[in-house]
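Accompanying notes for the structure given below.
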2 protein chains.
Amino acid sequence: MRRMHKENNLTKNQQIIFDLIDKSPEPLKAYSILFNVQKKGIKAPLQVYRALDKLVEMGKIHKIESRNAFIACQNSSCQVSKATAFSICEMCEKITEISSSSLSKYLANFKDKDGMKYSKYNLEFFGLCKKCR
Amino acid sequence: MRRMHKENNLTKNQQIIFDLIDKSPEPLKAYSILFNVQKKGIKAPLQVYRALDKLVEMGKIHKIESRNAFIACQNSSCQVSKATAFSICEMCEKITEISSSSLSKYLANFKDKDGMKYSKYNLEFFGLCKKCR
DNA sequence: CTTATATATGTTATATTATTACATATTGTT
DNA sequence: AACAATATGTAATAATATAACATATATAAG
Ligand SMILES: [Zn+2]
Ligand SMILES: [Zn+2]
Ligand SMILES: [Zn+2]
Ligand SMILES: [Zn+2]
């Protein structure tokens with residue numbers, strides 16, 4: 001009926017939920033997603049959270065931790081790295097994924113006091129976007 | 001009876017909750033805080049959340065967004081900047097505030113595509129701590 | 001000291017976000 | 001066909017956070 005993870009395709013629920021997030025101009029919250037996919041037969045929170053978990057795992061979407069909201073990946077490398085950076089406008093809540101190779105290089109090479117490096121991180125910048133300034 | 005914000009002292013509830021967080025070896029969650037301060041007369045979630053909000057605002061504590069938990073500031077400059085960085089062990093959940101002037105300088109000077117700078121940010125690094133490696 | 005204003009507290013109820021537990025179905029593999 | 005792994009369905013509940021309203025306390029001004 002449909003193809004599975006070996007080819008990295010999405011399952012039915014994952015596809016429905018990814019499509020919704022991907023076409024949304026703004027990050028979506030889990031229960032707002034639930035409300036929007038009920039006509040497609042997804043009725044329970046857990047169905048949404050399970051799909052979200054997998055999509056995050058695959059790097060197709062990211063969670064904006066400070067907002068409990070989900071956004072489609074706007075880069076190409078996140079599937080591998082789980083290294084994410086966003087700018088968040090505190091006025092209008094516009095959220096953009098930052099793709100800066102110098103930033104990602106700097107952070108991937110950053111060493112803490114113990115000399116430890118971290119390939120996985122999440123950075124959220126806060127300020128005012130172009131429009132709101 | 002007690003002194004107020006002009007001298008930046010804490011109110012009764014703020015002090016109780018700050019003391020608890022400050023002496024905790026690990027970040028605390030709101031309802032765990034609530035449970036621990038009920039003997040001191042703080043009975044409702046809202047009392048905890050209000051104190052937490054103020055303490056975060058003052059820079060005395062920080063919220064670990066990916067964990068919904070609160071940790072006392074381990075630096076000295078956070079009261080001003082709201083620019084925070086943490087390392088999180090995914091094995092044992094040990095969380096440490098990073099104080100690296102090169103990191104904070106790099107991030108404070110980082111410009112996005114639109115040339116925008118951000119003095120406020122939150123960075124969470126994930127990996128394994130010394131013990132767990 | 002009195003009044004006004006702002007800030008903090010107390011209390012109940014409720015909203016929002018996320019997971020546990022268990023049953024069933026589907027997929028990919030042998 | 002049989003098996004194991006993954007995905008789905010469903011109900012109940014746990015965990016996190018806020019709204020609304022009443023009261024109290026603290027600082028500032030007159
Ligand atoms: Zn991405
Ligand atoms: Zn804006
Ligand atoms: Zn700090
Ligand atoms: Zn560890």
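The sequence lines fix the lettering, A, B, ..., with proteins before strands; numbering per chain opens at 1.
- Between the B:N36 side chain and the B:S32 main chain, a donor and an acceptor come within less than 3.5 Å of each other.
- Counting to the nearest Å, the P atom of D:dT25 and the CD atom of B:Q14 are 16 Å from each other.
- In this model, the phosphate group of D:dT8 is not approached by any side-chain N or O of A:K12 to a distance below 4.0 Å at OP1 or OP2.
- Salt-bridge formation is detected for the pair A:E90/B:K120: a Lys NZ or Arg NE/NH1/NH2 atom is positioned less than 4.0 Å from an Asp or Glu carboxylate oxygen.
- The interatomic distance linking A:L34 (CG) with C:dA15 (C1') rounds to 15 Å, in whole Å.
- When rounded to the nearest whole Å, the span between CD1 of B:I64 and P of D:dT16 equals 15 Å.
- Look at CD on B:Q15: it is 14 Å from P on C:dA8, rounded to the nearest Å.
- Residue A:K130 holds its NZ atom at 11.5 Å from NZ of B:K113, rounded to the nearest 0.5 Å.
- Between the NZ atom of A:K54 and the C1' atom of C:dT26 there is a distance of 15 Å, rounded to whole Å.
- Straight-line distance from the CG atom of A:N9 to the P atom of C:dT27: 13 Å, rounded to whole Å.
- No single ILVMFWY cluster, assembled from side-chain heavy atoms under 4.5 Å apart, contains both B:I42 and B:L46.
- Close to D:dT10, at under 4.0 Å from its OP1 or OP2, lies a side-chain N or O of A:K43.
- Between the CD atom of A:Q38 and the P atom of D:dT10 there is a distance of 12 Å, given to the nearest Å.
- When ring centroids are compared, A:F125 and B:F110 come within the 6.0 Å threshold.
- Contact between the side-chain N/O atoms of A:Q47 and the OP1/OP2 oxygens of D:dT8 is not found at any separation under 4.0 Å.
- Regarding contacts with the backbone of C:dT7, every side-chain N or O of B:T11 stays at 4.0 angstrom or more from both OP1 and OP2.
- For the pair A:R67 and B:E65, the salt-bridge criterion is not met [side-chain N within less than 4.0 Å of a carboxylate O].
- Taking 4.5 Å as the limit, some side-chain heavy atom of A:S66 sits within range of a side-chain heavy atom of A:I64.
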Check: How does each nucleotide of nucleotides 17-24 of chain C score, in 5' to 3' order, for protein heavy atoms under 4.0 Å: base (B), sugar-phosphate only (S), or none (-)?
Finding: BBBBB---
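- Going from atom CD1 of A:I33 over to atom P of C:dT16 covers 15 Å, rounded to whole Å.
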